[in-house]
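Because the structure is a prediction, the values reported are computed rather than measured. Chain identifiers are assigned alphabetically (A, B, ...) following the order of the sequence lines, protein sequences preceding nucleic acid strands; residue numbering begins at 1 within each chain. Basis for what follows: all heavy atoms, side chains included, without hydrogens, waters or symmetry-related copies.
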Amino acid sequence: MKIPQSVYESNDVVKISKYLLGKYLYTFIDGQFTGGYIVETEAYNGIIDKASHAYGNRRTPRTETMFGTGGTAYVYLCYGIHEMFNVVTSKEGEPHAILIRAVNPTEGLEIMQQRRNMTVLKNTITSGPGSVAQALGISRKINGISLQSDTLWIEDKGLVFPESAIAAVPRVGVAYAGEDALLPYRFYVKGNPYVSKPNK
DNA sequence: GTTATGATCTCCT
DNA sequence: GGAGATCATAACG
């Protein structure tokens with residue numbers, strides 16, 4: 001039961017960010033199947049959001065993926081080291097995206113551990129956007145792929161968190177964005193051990 | 001062609 | 001608690 005294309009084409013990126021909590025993200029990459037449910041997301045709200053790469057309608061080869069139609073993957077390299085995975089939403093021409101910051105792994109734990117080069121299994125295996133991408137085998141090769149594909153997709157398995165278990169707080173690592181850095185565009189499941197940093 | 005910088009993580013003190 | 005790693009991208013000359 002993949003999440004249908006129509007959901008991604010909605011223009012309310014904040015709402016979708018919240019909706020994605022508890023949805024299962026799966027990858028089938030290099031012949032390995034891994035996945036888990038999403039416990040932390042961040043919304044990037046188009047050209048009016050100073051924290052977004054597409055702020056001010058900045059259209060470049062890199063952000064081109066975000067300007068495409070919803071339901072595709074936007075993957076890029078940050079700090080020269082970390083790949084980051086985002087879900088593009090809304091219609092073509094509107095650069096909305098959702099950064100997947102943390103996942104609670106359920107499938108292929110050993111494979112993730114191997115990819116992350118960990119000798120001991122810890123909660124940090126999928127805690128934080130760079131870690132999630134590495135554990136799931138996501139790289140820039142996947143940039144622009146459809147979430148209806150059999151490489152990377154999201155499923156609704158009926159897992160829902162009550163409103164009281166979801167926190168909405170300012171985003172991380174976007175201090176340069178001025179007042180937009182204060183917007184409560186980061187959502188996470190309270191108390192989940194895989195949520196990054198301030199786990200409250 | 002050159003330069004500055006980042007939607008971060010890990011390890012060391 | 002803090003710095004270093006490390007390079008694609010974008011803005012500028």
Mark yes or no for whether A:Thr63, through its side chain, and A:Thr60, through its backbone, hold a donor-acceptor pair below 3.5 Å. yes
Going by the rule side-chain contact (heavy atoms from CB on, under 4.5 Å), which residues pair with A:Lys141 if we only count those two or more places apart in sequence or in a different chain? A:Ser139
Can A:Asp12 and A:Lys18 be counted as an ion pair, charged N to O under 4.0 angstrom? no
Minimum side-chain heavy-atom gap A:Ile138-A:Glu83 below 4.5 Å: no
For A:Ile48, the hydrophobic cluster (side chain heavy atoms closer than 4.5 Å, chained through members) also holds A:Ile47
Between residues 106-124 of chain A and DNA chain B, which residues have a heavy-atom gap below 4.0 Å? A:Arg116
Annotated protein contacts, base or backbone, on nucleotides 4-13 of chain C with a non-hydrogen cut-off under 4.0 Å, one of B, S, - each: -BBBSSSS--
For residues 133-170 of chain A, which residue pairs pass the ring pair (Phe, Tyr, Trp, His ring centres under 6.0 Å) check, not counting sequence neighbours? A:Tyr26-A:Trp153
Judged by atom type as modelled, is there a donor-acceptor pair below 3.5 Å linking the side chain of A:Glu40 to the main-chain atoms of A:Val103? no
Quick one: salt bridge (Lys or Arg N to Asp or Glu O under 4.0 Å) pairs with a partner in residues 125-135 of chain A, sequence neighbours left out? none
Between which nucleotides of DNA chain B, 5' to 3', does chain A make heavy-atom contacts below 4.0 Å? B:dG6 to B:dT10
Quick test of your reading: applying ring pair (Phe, Tyr, Trp, His ring centres under 6.0 Å), list the pairs with at least one residue in residues 93-114 of chain A, sequence neighbours left out, ordered by first then second residue. none
Any donor and acceptor pair, going by atom type alone, linking the side chain of A:Thr69 with main-chain N or O of A:Lys91 inside 3.5 Å? no
Could you work out the complete set of other residues in the hydrophobic cluster of A:Phe67, with links drawn between I, L, V, M, F, W and Y side chains under 4.5 Å apart? none
Going by chain and number, the hydrophobic cluster around A:Tyr176 (ILVMFWY, side chain to side chain under 4.5 Å) further includes A:Tyr44, A:Met66, A:Tyr74, A:Tyr76, A:Met84, A:Val88, A:Leu99, A:Val174
Within 45° cone and under 6.0 Å: A:Lys23 NZ/CZ vs A:Tyr19 ring: yes
Within residues 125-135 of chain A, residues whose heavy atoms come under 4.0 Å of DNA chain B: A:Ser127, A:Gly128, A:Pro129, A:Gly130, A:Ser131
Please convert DNA chain B into dot-bracket. A pair counts if it is Watson-Crick or G-U wobble with both distances under 3.5 Å; crossing pairs go in [ ] and bases paired with another strand get |. ||||||.|||||.
Hydrophobic clusters here meaning ILVMFWY residues chained together by side-chain heavy-atom distances under 4.5 Å, can you tell me if A:Val160 and A:Ile16 are in one? no
In plain terms, say whether A:Glu42 and A:Arg171 are close enough for a salt bridge, that is, a side-chain N and a carboxylate O under 4.0 Å apart. no
